[in-house]
Amino acid sequence: MRFTLSSTALSSRLQTLARVINSKNSLPILDSFLFEVHDQQIFITASDSENVMKSSLALDECDGEGSFAVPNRTLLDAVKELAEQPLTFDVNTDNYTITIAYQNGVYKFTAQNAAEYPRVQQIADGATVITLDSATLSNNISRSLFATAQDELRPVMNGIFFDLTSESLAVVASDGHKLVRNKNFAVKSDSPASFILPKKPATLLKNVLAKDGGDVVIKFNDRSAEITFAEGSLSCRLIDGRYPNYNSVIPQNNPNQLTIDRRSLMGALRRVLPFASESSQLIRFHLEAGKLELSSEDIDFATSAKEVITCEYNGQSMNIGFKGSSLTEILNNLEGDEVVIELADPSRAGIIVPAEQPENEDVLMLIMPMLLND
């Protein structure tokens, strides 16, 4: 079997797929990429047994069909250093020797029998199907990943929750201290369904969808999901369990509203945070009409900082504490110039939303306050 394809196209796909492969695998064959050649195309698969990503490339020339597995590091390192040029693969499927000819040289190595590579079980008919724009899904995942937990006792909190209702598709993540809820009103269904996507496939999707275009189709049942996008597909096992009722923790009436420039607040937080206690990272907000005063202190090291920012605030004068690093993460993951922070009192959760919501979406982030020792 002989075929020719572009070196940069191959290298780009292999680098994306390599993120799936674990450094230690239960099956030795999972250290390899699976190559399948048919219909003038090459299909490349990478797997860690729970997540399987597949990508396809059109071949410039092709003589014969077949499949083989190639050690991932061997091929990845070999093609990464090559400039754009055609690569000609010559594969002997009897003894699995591979010769790759390029402009100024040749590689020779041994492949493995593709029959040993585990196959993906297809999701049966009757599964729920969601179709949405790849940029929207990528943005929702990027906005949510930082808020997922690392909780061995409650594994459901370690993933991103997709909640499809008759009103919208909500993409939710929370670690108990902060929460992100992205509502997309363009995607809805009369038959409600939901699933919890683990962190690894979510990260893989975020990386591949950022440069991808078109629609993404998510097909899922109670155990696994199959996500198809322009460059290929990802099959993954889902987190089993019931996600907590996230809507019940979002306060409905926070009357005190602070509108502030997002970058100004992030800059002030970065300047004040180094002076806070390393263990608590407590930042005190003092709010009154027209101004926000941020302050921090570390009694053990006798350090403190204070900064005043002008803002738009209509509400009662208030002191409230937040964890500086969590607030910085939230502001980092919001878009737009201005944010609105809605508060009730120093003991209740604060809601942070962009002043201007994306089209057809409702983005909301929540942060729990910290106790102030007044």
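What you are looking at is a predicted structure, and each value in this text was computed from that prediction instead of being measured.
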message: To the closest 0.5 Å, what do you measure between OG1 (T328) and CG (N332)?
response: 7.0 Å

query: Short question: side chain of N256, backbone of G315 - any donor-acceptor pair under 3.5 Å?
result: no

message: Heavy-atom count check: over 12 atoms from other residues, nucleotides or ligands less than 6.0 Å from Q15 CD?
response: yes

query: Is Q121 atom CD crowded by more than 12 heavy atoms from other residues, nucleotides or ligands, each under 6.0 Å away?
result: no

- prompt: Does the side chain of E226 reach to within under 4.5 Å of the side chain of Q122, using non-hydrogen atoms?
  reply: yes

- prompt: Any side-chain donor-acceptor pair under 3.5 Å between S32 and Q112?
  reply: yes

task: Starting at CG of L14, measure out to CZ of R19 and round the result to the nearest 0.5 Å.
output: 12.0 Å

task: Check whether any side-chain N or O of N254 sits under 3.5 Å from a backbone N or O of A349 as a donor-acceptor pair, and report yes or no.
output: yes

- prompt: Side-chain donor-acceptor pair under 3.5 Å between E288 and S317, yes or no?
  reply: no

task: Could you note down all residue pairs passing ring pair (Phe, Tyr, Trp, His ring centres under 6.0 Å) where residues 38-81 supplies at least one of them, sequence neighbours left out?
output: F35-F68, H38-F43

- prompt: Counting only heavy atoms not in R242, do more than 12 fall under 6.0 Å of its CZ?
  reply: no

- prompt: Side-chain contact, heavy-atom cut-off 4.5 Å: D337 with E356?
  reply: no

task: State, yes or no, whether a side-chain contact exists between V216 and I227 at a heavy-atom distance under 4.5 Å.
output: yes

- request: For D240, look at atom CG and say whether over 12 heavy atoms of other residues, nucleotides or ligands are found less than 6.0 Å away.
  value: no

- prompt: Between the side chains of D163 and Y243, is a donor N or O closer than 3.5 angstrom to an acceptor N or O?
  reply: no

query: Within a strict 4.5 Å, meaning less than it, do heavy atoms of the T4 and F89 side chains meet?
result: no

- request: Considering only NZ, NE, NH1 and NH2 on the basic side and carboxylate oxygens on the acidic side, decide whether E50 and R237 come within less than 4.0 Å.
  value: yes

query: About how many Å separate CD of E338 and CD1 of I260, when rounded to the nearest 0.5 Å?
result: 9.0 Å

Pair up each side-chain donor or acceptor in residues 178-190 with any protein partner under 3.5 Å, not counting sequence neighbours, and list the distances.
{"unit_1": "K178", "atom_1": "NZ", "unit_2": "D175", "atom_2": "OD2", "d": "2.8"}
{"unit_1": "R181", "atom_1": "NH1", "unit_2": "N247", "atom_2": "OD1", "d": "3.2"}
{"unit_1": "R181", "atom_1": "NH2", "unit_2": "D362", "atom_2": "OD2", "d": "3.1"}
{"unit_1": "N182", "atom_1": "OD1", "unit_2": "R143", "atom_2": "NH1", "d": "3.0"}
{"unit_1": "N182", "atom_1": "ND2", "unit_2": "S144", "atom_2": "OG", "d": "2.9"}
{"unit_1": "N182", "atom_1": "ND2", "unit_2": "V171", "atom_2": "O", "d": "3.2"}
{"unit_1": "K183", "atom_1": "NZ", "unit_2": "E167", "atom_2": "OE1", "d": "3.1"}
{"unit_1": "N184", "atom_1": "OD1", "unit_2": "A186", "atom_2": "N", "d": "2.9"}
{"unit_1": "S189", "atom_1": "OG", "unit_2": "S191", "atom_2": "N", "d": "3.2"}
{"unit_1": "S189", "atom_1": "OG", "unit_2": "S191", "atom_2": "O", "d": "3.2"}
{"unit_1": "S189", "atom_1": "OG", "unit_2": "S191", "atom_2": "OG", "d": "3.4"}

task: Compute whether any side-chain donor of one residue and acceptor of the other, for E297 and S277, lie under 3.5 angstrom apart.
output: no

task: Give a yes or no answer on whether the side chain of N221 reaches the backbone of A127 with a donor-acceptor pair at less than 3.5 Å.
output: no

- prompt: Do K200 and N22 get their side chains close enough for a donor-acceptor pair, meaning under 3.5 Å?
  reply: yes

message: Consider side chain to side chain contact (heavy atoms under 4.5 Å, CB included). Of T148, I239, L205, which one does I160 pass it with?
response: T148

- prompt: Is the backbone N or O of L238 less than 3.5 Å from a side-chain atom of R223, with the two atoms forming a donor-acceptor pair by type?
  reply: no

message: Using a 6.0 Å cut-off, check whether atom CD of Q150 has over 12 heavy atoms from anything other than its own residue.
response: no

- prompt: How far does CZ of F195 sit from CG of D222, to the nearest 0.5 angstrom?
  reply: 13.0 Å

- prompt: Short question: side chain of N25, backbone of P28 - any donor-acceptor pair under 3.5 Å?
  reply: no

message: Could you check whether Y107 and Y102 have their ring centres less than 6.0 Å apart?
response: yes

Minimum heavy-atom distance between M53 and T16, given as atom pair plus value: SD-CG2, 4.2 Å

task: Run the salt-bridge test on E293 and R284 with the 4.0 Å N-O cut-off and return the result as yes or no.
output: no

message: How long is the straight-line distance from CG of D345 back to CG of N319, given to the nearest 0.5 Å?
response: 12.5 Å

field: salt_bridge(E335, R263) N-O dist < 4.0 Å
entry: no

message: Within the structure provided, determine whether C311 and T259 are in side-chain contact (heavy-atom separation under 4.5 Å).
response: no

- prompt: Taking atom CG of N139 and atom CG of L137, what is their separation to the nearest 0.5 Å?
  reply: 9.0 Å

query: How close do N51 and C236 get, heavy atom to heavy atom, and via which atoms?
result: OD1-CB, 3.1 Å

